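This report concerns only the one structure given below.
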Amino acid sequence: MNLNEYQEKAKRYDCFEATNSLKEPGFVAKVFGLSEEAGEVAGKFKKILRDDNGVISQEKENEVKKELGDVLWYVATISRYLGIELEDVAKTNLDKLESRLNRNTLHGSGDNR
Ligand SMILES: [Mg+2]
């Protein structure tokens, strides 16, 4: 399965109609959901540090994998609402990182460095 196929299949689990307006509850819910799920990923790692001395067991890795999948679902869905294929999101990200690597700007800050 490629990323665009995933994005298409992910539509099945969306309770809202696609919209590109932040004034629509479905869109806002996705933005909040993405933030929530990213927080859940961080929470899993926090608990691994707190409770397991930073050692990631297979069980915890599986839990993190599920939360990463939730993040992916929101990224795919928000992208779809905006009319952007998930493959395009991935390619754009790799292009940006390659450019930064080539210009020796992987470190530092700023979205457009
Ligand atoms: Mg989750």
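These numbers come from a predicted model, not from an experiment. Numbering of ligands and ligand atoms starts at 1, following listing order.
- Not one N or O on the side chain of Glu40 forms a donor-acceptor pair closer than 3.5 Å with the backbone of Ser35.
- Every side-chain hydrogen bond (donor to acceptor under 3.5 Å, both in side chains) that Asp14 has, sequence neighbours left out, goes to Lys30, Arg80, Tyr81.
- Contacts of Lys91 classified as salt bridge (Lys or Arg N to Asp or Glu O under 4.0 Å), with partners at least two apart in sequence or in another chain: Asp95.
- Around the Mg ion (ligand 1), the protein atoms of type N, O or S found under 2.8 Å away are Glu37 OE1, Glu40 OE1, Glu67 OE1, Asp70 OD2, listed by chain and number.
- Leu68 has its side chain out of reach of Lys65: every pair of non-hydrogen atoms, C-beta onward, lies at least 4.5 Å apart.
- Applying the side chain to side chain donor-acceptor pair (under 3.5 Å) test to residues at least two apart or on different chains, the pairs with a partner in residues 43-52 are Lys44-Glu63.
- Looking at Asn4, its side chain does come within 3.5 Å of a backbone N or O of Glu87 through a donor-acceptor pair.
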